Amino acid sequence: MSFKEFASNLKENKIKNVCLLWGREQFLTEWAENEIIKAYSNEVSRQFDVAEFDGAEADIHVILEACETLPLFSEKKLVIVDKLPFIEGKKSAADEAALTAYIKNPAETTLLVLTCGEKVDKRLSIYKNISKNGSVYEFGSLEPKELRSWIKKRFRTYKKTVSDANINLLVELSGYYDRDSEYTLYHFENDISKVILHSEGAEIKSEDIEKSVSGSLGRNVFSLIDCIASGDKKKALQMLDDMLLYDDYEMLIITLLFRQYENVLKVKQLIGEGRSRSETARILGAKDFLVGKWQSIGRKYSEEELKNIVRKIYEGDKMSKLGNIDVRLFMELFIASV
């Protein structure tokens with residue numbers, strides 16, 4: 001079930017006594033958890049009626065004992081377990097068996113909320129048991145209408161108004177719907193905060209958005225290699241600083257850099273063999289306009305230079321994963337040397 005179904009079920013009090021929250025949009029997972037707490041617990045007795053556990057460290061038997069405790073003044077006793085490892089496939093047979101037994105026969109006065117990361121293994125028996133006996137909510141990317149509504153509400157929180165056209169601009173610049181985009185609502189939240197800081201007056205303007213939005217890392221890496229190819233290393237280093245503001249971007253930068261230069265090399269080779277742009281796009285499974293951009297960058301290098309760049313990035317990726325070089329240092333040296 002999705003974000004929309006969760007909101008509906010919460011409003012209609014249809015969430016079952018065991019529920020699992022997970023998915024790409026961890027922002028929504030956290031939001032759903034907080035909404036459950038507000039809906040089912042009394043603020044006065046919340047410290048007694050809400051028990052929260054770190055799933056990676058908590059003893060499953062302590063968690064299940066909490067599930068058997070009656071609420072004080074709240075509608076339900078809430079037991080929240082964040083990041084329970086064996087839902088992600090990291091098994092403990094005895095713990096899983098104990099939890100499964102509870103899931104099949106949960107206490108009527110308790111709501112057990114399990115949260116997980118971006119991925120779960122739906123083949124696991126524990127997942128199947130939760131699906132069969134409880135409620136499972138997968139929070140993926142918001143639909144366009146939901147996203148626009150969410151963005152408008154975020155600006156309203158800051159007492160700002162924003163036009164539909166500027167909301168569309170924000171979404172477009174973010175790259176939220178790009179294939180393989182890693183941009184999430186957390187990044188939107190951060191970028192909206194930056195837009196607010198740049199804005200003057202009650203209405204958000206297009207220039208506020210254009211100055212503030214960091215956008216999809218994939219798009220930014222592409223812009224970075226375009227900037228490097230143009231010889232503007234000062235701007236390239238500034239772009240690198242902007243990308244490294246997000247901690248979760250750091251490990252992806254070299255991977256995406258490798259992928260972009262590899263595509264530039266492949267396009268150069270295929271076009272050099274006499275392939276048309278549309279044929280090259282079909283072979284690579286890419287859009288025609290992207291092939292055009294890769295071709296444009298490729299004109300600034302020889303094939304041998306591109307092979308050396310790809311090798312250099314591969315070595316940098318390997319060294320960074322081994323802890324032999326910091327990602328920022330490697331990237332700065334790479335920009336200086338290309």
Side-chain angles (χ1 to χ4, degrees), residues 118 172-183 187 213-338:
E118 294 185 21
E172 173 60 27
L173 290 177
S174 74
Y176 184 75
Y177 292 114
D178 288 357
R179 190 177 73 173
D180 299 327
S181 174
E182 64 300 307
Y183 193 97
H187 300 117
V213 178
S214 60
S216 161
L217 182 60
R219 287 189 179 198
N220 288 340
V221 169
F222 187 92
S223 298
L224 176 67
I225 69 167
D226 193 24
C227 195
I228 293 170
S230 300
D232 192 344
K233 296 186 178 182
K234 183 178 179 181
K235 185 177 178 182
L237 288 169
Q238 182 57 57
M239 291 177 69
L240 175 66
D241 282 340
D242 291 342
M243 285 189 278
L244 289 173
L245 288 174
Y246 293 121
D247 293 338
D248 55 339
Y249 276 1
E250 187 171 279
M251 297 308 295
L252 286 171
I253 288 175
I254 299 179
T255 300
L256 291 174
L257 190 73
F258 178 86
R259 191 181 301 167
Q260 290 287 353
Y261 274 110
E262 189 179 40
N263 284 329
V264 172
L265 174 59
K266 286 177 181 176
V267 167
K268 191 173 187 70
Q269 291 171 330
L270 289 167
I271 297 291
E273 292 169 5
R275 311 272 189 172
S276 67
R277 184 188 292 184
S278 58
E279 189 180 5
T280 298
R282 181 180 56 76
I283 292 169
L284 297 180
K287 294 180 179 178
D288 191 77
F289 80 92
L290 273 178
V291 171
K293 288 185 175 182
W294 288 324
Q295 184 182 12
S296 177
I297 291 170
R299 291 193 187 103
K300 298 172 183 177
Y301 302 95
S302 69
E303 187 175 324
E304 193 57 38
E305 284 174 328
L306 285 171
K307 286 179 179 178
N308 287 334
I309 287 171
V310 169
R311 278 194 289 267
K312 186 178 292 187
I313 299 168
Y314 175 79
E315 290 300 323
D317 184 47
K318 191 163 62 173
M319 287 192 295
S320 68
K321 286 175 179 173
L322 291 171
N324 294 332
I325 192 168
D326 176 72
V327 171
R328 178 184 288 275
L329 176 60
F330 168 74
M331 286 298 302
E332 289 175 348
L333 292 172
F334 173 78
I335 291 169
S337 66
V338 175

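Predicted model only: the values in this text are computed from it and were never measured. Numbers for residues simply follow the sequence, beginning at 1.
For Ala236 against Leu224, the heavy-atom pair with the smallest separation is O-CD1, 3.3 Å. Here the closest heavy-atom approach between residue Ile253 and residue Val221 is recorded as O-CG2, 4.4 Å. For Tyr301 against Tyr261, the heavy-atom pair with the smallest separation is OH-OH, 4.0 Å.
The side-chain hydrogen bond (donor to acceptor under 3.5 Å, both in side chains) search around Lys321 returns Asp317, not counting sequence neighbours. Residues satisfying the salt bridge (Lys or Arg N to Asp or Glu O under 4.0 Å) test with Lys233, not counting sequence neighbours, are none. Remark: Asn324 engages no residue in a side-chain hydrogen bond (donor to acceptor under 3.5 Å, both in side chains) (not counting sequence neighbours). Annotation: salt bridge (Lys or Arg N to Asp or Glu O under 4.0 Å) contacts of Glu303 (sequence neighbours excluded): Lys307. For Arg282, there are no side-chain hydrogen bond (donor to acceptor under 3.5 Å, both in side chains) partners two or more places apart in sequence or in a different chain. Listed by chain and number, the residues in a side-chain hydrogen bond (donor to acceptor under 3.5 Å, both in side chains) with Glu262 amount to none (sequence neighbours excluded).
To the nearest 0.5 Å, the span separating CG on Asn308 from CG on Leu265 amounts to 10.5 Å. With rounding to the nearest 0.5 angstrom, the CD1 atom of Ile228 is 12.0 Å from the NZ atom of Lys235. Taken to the nearest 0.5 Å, the CZ atom of Phe222 stands 12.0 Å off from the CG atom of Leu257. For the atom pair CG (Leu284) and CG (Asn263), the distance works out to 6.0 Å, reported to the nearest 0.5 Å. In this structure, Arg275 CZ and Ile283 CD1 are separated by 4.0 Å, a value rounded to the nearest 0.5 Å. Summarising the geometry, atom CE belonging to Met239 is positioned 5.5 Å from atom SG belonging to Cys227; distances are rounded to the nearest 0.5 Å.
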Show which side-chain atoms of residues 325-338 pair as donor or acceptor with protein atoms under 3.5 Å away, not counting sequence neighbours.
{"residue": "Asp326", "atom": "OD2", "partner": "Arg328", "partner atom": "N", "Å": "3.0"}
{"residue": "Asp326", "atom": "OD2", "partner": "Leu329", "partner atom": "N", "Å": "3.2"}
{"residue": "Arg328", "atom": "NH1", "partner": "Asp241", "partner atom": "OD1", "Å": "2.6"}
{"residue": "Ser337", "atom": "OG", "partner": "Lys312", "partner atom": "NZ", "Å": "3.2"}
{"residue": "Ser337", "atom": "OG", "partner": "Leu333", "partner atom": "O", "Å": "3.1"}
{"residue": "Ser337", "atom": "OG", "partner": "Phe334", "partner atom": "O", "Å": "3.1"}

Throw together a table of side-chain donor-acceptor distances under 3.5 angstrom for residues 292-300, partners on residues two or more places apart or in other chains.
{"residue": "Trp294", "atom": "NE1", "partner": "Gln260", "partner atom": "OE1", "Å": "2.8"}

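Taking a cutoff of 4.0 Å between a charged side-chain nitrogen and a carboxylate oxygen, Arg311 and Glu304 qualify as a salt bridge.
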